[in-house]
Amino acid sequence: MTSPSFFIKELVNQTCMQRYNLSLEHGQISLIWSFLVSIFCIGGLVGSLSIGRFTSKYGRKQCLLLSNLLTISGAVLMLLSKTAMSFEMIMVARFLYGINAGVSLSVHTMYLVECAPKRLRGMVGVTVVTFISMGKFWGQLLGISELLGTEDRWPWLLAFNGFTAVLQLLTLPFLPESPRYLLLDRGDRQGCEKAIRRLWGRDGDYGAEVEEMLQEHAALQGVRSHTVIELIRNQSVRWQLLTILATFTSLQLSGINAVYFYSYEVFRAAGIQSHQLRYVALGTGLCEFTTSIACFMIIESTGKKMLLSRGYLCTAATLGVLVVTLYLQDQVTWMPYCSMVLIFIFIFFFSSGPAGVTAALPGELFTQSFKSAGYTVGCTVNWTCMFLLGMLFPLIVEHLDYFCFLIFLFFCVFTGLYVWFNVPETKNLTVLEIAAEFQKMHKPFKTPPQEIQTVYCQTKL
């Protein structure tokens with residue numbers, strides 16, 4: 001939305017002039033623009049709240065297929081908005097895009113993690129963020145004026161999501177349903193084994209993987225999928241729930257959006273011309289994409305706990321130094337270059353840790369009966385924080401300027417320390433083994449047997 005923002009604001013003003021013969025003031029246009037941007041988060045919140053029920057009833061694959069219809073409908077509205085002189089069509093399309101994003105972020109991650117063997121589960125989970133980063137980069141690339149970022153072609157830029165939705169709609173039917181869903185939710189062992197052979201190859205021996213699923217199936221025998229309220233009330237998964245709340249909250253409040261916001265100011269202070277800023281912004285998107293690929297390659301050897309805690313603590317340190325360099329930017333001539341380097345360092349640590357690991361956490365920390373509710377909670381927190389940040393961030397910047405980074409620094413430090421002291425390593429562990437590790441770390445204090453005193457009472461007749 002950044003590249004065609006000028007043309008969309010022009011459309012808003014022209015629409016009001018044509019309908020009501022009214023020229024909007026700058027503040028009124030900004031208010032409508034803010035709603036156009038924020039309604040995507042509202043749609044994402046609606047989508048994330050609906051996934052629990054639908055994924056348990058219809059399965060992961062069917063939910064992904066149906067959500068593509070929303071994206072295609074939104075793309076058609078985007079394409080026709082300029083011809084129809086209707087910015088309301090963009091609002092509706094953004095809302096539909098948001099619902100699709102809210103559903104897909106959870107269901108797509110759930111589907112990939114459940115389809116992957118245990119030894120590749122972490123790597124496959126990171127691919128979600130890798131392709132999100134690639135989507136951001138392609139959006140920035142297509143948005144330059146040489147491609148689709150022009151007055152005539154910007155509707156095609158906003159409708160480009162429809163092409164990816166059509167691609168998934170044509171290819172996903174050839175893939176099987178999640179093996180874990182087939183066995184643990186439907187009790188279809190034959191369908192589970194058939195899906196495993198299609199996904200992992202027909203010649204391998206997957207008896208150990210199926211045996212682990214059967215053990216979880218036996219542990220969940222007669223247990224239905226839990227709701228969000230039941231997840232919150234259940235004490236046996238209390239620390240898993242707190243982990244999801246902490247990591248998904250800090251994912252948005254880590255300062256990544258603030259860093260991108262100040263990047264243009266830093267690049268401009270470093271001497272980069274205004275008309276070249278969009279090309280430099282491509283460098284930030286490319287840095288995020290390549291770092292997520294690096295995270296994909298090292299996650300199984302390093303472990304998720306280390307990547308999360310180290311990522312948050314290093315981003316906190318980077319934010320602290322960035323505040324100092326921004327403060328000295330007008331006093332020291334070479335300080336803007338330090339700020340520019342720190343921006344890329346921050347993106348590196350964020351993409352290689354929190355961004356790469358967080359999305360797949362609910363699928364690894366919760367058993368099958370709590371999994372849908374866990375994704376619902378995590379994604380609801382994510383979209384709520386994104387919406388609130390989008391509404392409040394301009395006010396925070398207005399009053400605190402670059403000292404707003406200190407707020408995000410607090411969240412990074414808190415989450416980094418929380419993960420280090422309260423979350424076990426999940427590498428090469430099953431869901432039941434991870435649950436046992438949580439219980440071992442947080443088992444209640446018990447009096448040692450040698451300190452227990454027994455008192456006998458005796459009476460004589």
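Count residues from 1 along the sequence.
For R94, the side-chain hydrogen bond (donor to acceptor under 3.5 Å, both in side chains) test picks out no residue, with sequence neighbours left out. Scanning for ring-ring contact (aromatic ring centres under 6.0 Å, His included) contacts around F131 gives an empty result, with sequence neighbours left out. By the side chain to side chain contact (heavy atoms under 4.5 Å, CB included) test, V124 is found to be paired with L112, A116, L120, T127, residues two or more places apart in sequence or in another chain being considered. Here F403 pairs with nothing under the ring-ring contact (aromatic ring centres under 6.0 Å, His included) rule; sequence neighbours left out. Remark: Q140 engages no residue in a side-chain hydrogen bond (donor to acceptor under 3.5 Å, both in side chains) (not counting sequence neighbours). Among residues two or more places apart in sequence or in another chain, the side-chain hydrogen bond (donor to acceptor under 3.5 Å, both in side chains) test is passed with Q168 by N68. Partners of Y181 according to the side-chain hydrogen bond (donor to acceptor under 3.5 Å, both in side chains) rule, which considers only residues two or more places apart in sequence or in another chain, are R186.
Looking at heavy atoms from C-beta onward, T380 lies in side-chain contact with L45 at the 4.5 angstrom threshold. Residues F405 and L326 are in side-chain contact: their nearest non-hydrogen atoms beyond the backbone lie under 4.5 Å apart. The side-chain heavy atoms of R238 and H442, taken from C-beta on, include no pair separated by under 4.5 Å. Between L307 and C295, some side-chain heavy-atom pair lies under the 4.5 Å cut-off. Taking 4.5 Å as the limit, every side-chain heavy atom of F160 sits out of range of all side-chain heavy atoms of L157. Side-chain contact check for I8 versus L158: some heavy-atom pair is nearer than 4.5 Å.
Annotation: W420, atom CH2; neighbour count of heavy atoms from other residues, nucleotides and ligands within 6.0 Å does not exceed 12. Shown here is M134, whose CE atom has more than 12 heavy atoms of other residues, nucleotides or ligands within 6.0 Å.
Annotation: side chain to side chain donor-acceptor pair (under 3.5 Å) contacts involving residues 398-410, sequence neighbours excluded, comprise Y262-D401. Evaluation of the side chain to side chain donor-acceptor pair (under 3.5 Å) test over residues 240-251, restricted to residues two or more places apart or in two chains, returns T243-Y418, S250-T415. The side chain to side chain donor-acceptor pair (under 3.5 Å) contacts involving residues 333-346 comprise T325-S339, where partners must be two or more places apart or lie in separate chains. Under the side chain to side chain donor-acceptor pair (under 3.5 Å) criterion, the residue pairs touching residues 279-289 are K136-E288, E146-Y279, Y260-E288, with sequence neighbours excluded.
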Can you give me every donor-acceptor pair (side chain of residues 347-354, partner residue at least two apart or in another chain, under 3.5 Å) with its distance?
| residue | atom | partner | partner atom | Å |
| --- | --- | --- | --- | --- |
| S351 | OG | I347 | O | 2.9 |
| S352 | OG | F348 | O | 2.8 |
| S352 | OG | F349 | O | 3.3 |

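Side-chain contact annotation: S372 with T55, donor-acceptor N/O pair under 3.5 Å present.
In this structure, CG in L105 is found 8.5 Å from CD1 in I51, a value given to the nearest 0.5 Å. The line from CG of L69 to CG of L169 is 6.0 Å long, rounded to the nearest 0.5 Å. Atoms CG and CD, from L182 and E114 in turn, are 9.5 Å apart once rounded to the nearest 0.5 Å. We find the CD1-NZ distance between I299 and K427 to be 10.5 Å, quoted to the nearest 0.5 Å. Atoms CG and OG, from L36 and S5 in turn, are 11.0 Å apart once rounded to the nearest 0.5 Å.
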Show the numbers, then the answer: is there a side chain to side chain contact (heavy atoms under 4.5 Å, CB included) between W33 and V37?
CA-CA 6 Å; W33 168 254; V37 174; 3.7 Å; yes
Between F408 and F411, is a ring-ring contact (aromatic ring centres under 6.0 Å, His included) present by the stated rule, with each step listed?
CA-CA 5 Å; F408 304 122; F411 282 98; 7.6 Å; no
Tell me, with the steps shown, if I32 and M91 meet side chain to side chain contact (heavy atoms under 4.5 Å, CB included).
CA-CA 10 Å; I32 296 175; M91 285 186 182; 3.9 Å; yes
Start with the C-alpha gap between S67 and I99, add the side-chain angles, then the distance that decides, and say whether side chain to side chain contact (heavy atoms under 4.5 Å, CB included) holds.
CA-CA 8 Å; S67 67; I99 295 176; over 6 Å; no
Walk me through whether F393 and C404 qualify under side chain to side chain contact (heavy atoms under 4.5 Å, CB included).
CA-CA 9 Å; F393 183 69; C404 67; 4.1 Å; yes
Which is it for F40 and W383 under the ring-ring contact (aromatic ring centres under 6.0 Å, His included) test, yes or no, and what are the steps along the way?
CA-CA 9 Å; F40 177 80; W383 288 107; 5.5 Å; yes
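Of all non-hydrogen atoms in T109 and Y375, the two that sit nearest each other are CG2-OH, 3.6 Å.
Remark: K440 engages E437 in a salt bridge, criterion side-chain N to carboxylate O under 4.0 Å.
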